[in-house]
Amino acid sequence: MKPRVAIFCSGRGSNMEALIKAAGSANYPAEIALVISNKVDAPALEFARGHGVRAQAVESKPFGRDREAHERAIDAVLAAENIQIICLAGYMRLLTPFLVEKWRDKMLNIHPSLLPAFPGLDTHARALAAGNRLHGCTVHLVTEIMDDGPILAQAAVPVLPGDTEAELAARVLAQEHLIYPAALAAFASGRPVWASASAALQNPLP
Ligand code: GRF
């Protein structure tokens with residue numbers, strides 16, 4: 001039996017799309033069984049339903065400031081759907097120790113930087129401002145520290161002269177769509193920590 005995966009997302013959902021598409025092939029070792037969003041109108045929900053994946057919004061508003069109560073409501077949906085792995089993919093809520101502890105070593109996240117560099121927001125602007133020549137993305141296990149935890153996969157891209165934030169973000173995002181499905185596949189099939197080759201090395205500068 002393939003492990004059943006839930007994807008959490010809040011917005012655009014392009015990583016969710018990449019995971020659902022990858023899991024569409026018969027030999028992919030995990031099943032995307034559920035998409036959860038904290039926003040009723042997240043476009044990601046429609047995409048998931050269109051691909052036969054159950055998608056549910058669990059809004060935080062009814063729970064006010066009680067973030068754990070919101071997570072307990074989500075966790076009940078996960079239990080009902082017999083979920084074994086969570087993939088955070090642009091889920092814009094800070095998690096409480098309840099969910100992190102309950103799903104320790106079973107929750108993955110993707111972050112648009114080469115961690116441990118640039119945890120948090122605005123990673124592309126910060127990489128440009130720092131004058132970095134390499135930037136990239138990371139898939140890691142979620143711990144109580146934000147954008148931290150054991151690294152499962154990374155891909156690096158070059159920062160090219162004159163890059164805008166949008167150009168750099170697009171170059172990184174293309175790699176996110178490759179390493180997240182690959183990292184989940186490795187994780188779901190119980191392979192040890194998996195690290196990608198650097199995209200920068202595969203595609204040397206012209
Ligand atoms: C991605 O850049 C991901 O690394 C970060 O949030 C963004 C989500 O984008 N955690 P999308 O919703 O998957 O398109």
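In each ligand, atom 1 is the first atom listed, and ligand 1 is the first ligand listed. Source: prediction; values computed, not measured. FYI, the numbering just counts along the sequence from 1.
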| task | Looking only at non-hydrogen atoms, find the nearest pair between L168 and P158 and report the distance. | result | CD1-O, 4.2 Å

| field | Short side-chain to backbone donor-acceptor contact, H70 and V58, under 3.5 Å | value | yes

| field | With sequence neighbours excluded, residues passing side chain to side chain donor-acceptor pair (under 3.5 Å) with Q56 | value | R54

| request: Anything with a heavy atom under 4.0 Å from ligand 1 counts, so go ahead and list those protein residues by chain and number. | output: R12, G13, S14, N15, G90, I110, H111, P112, E176

| said: Using the side chain to side chain donor-acceptor pair (under 3.5 Å) criterion, which residues pair with H111? Sequence neighbours excluded. | reply: S113, D147

| Side-chain (T138) to main-chain (L115) donor-acceptor, under 3.5 angstrom | yes

| request: List in chain and number order the residues that pass side chain to side chain donor-acceptor pair (under 3.5 Å) with N132, two or more places apart in sequence or in another chain; answer none if no residue qualifies. | output: none

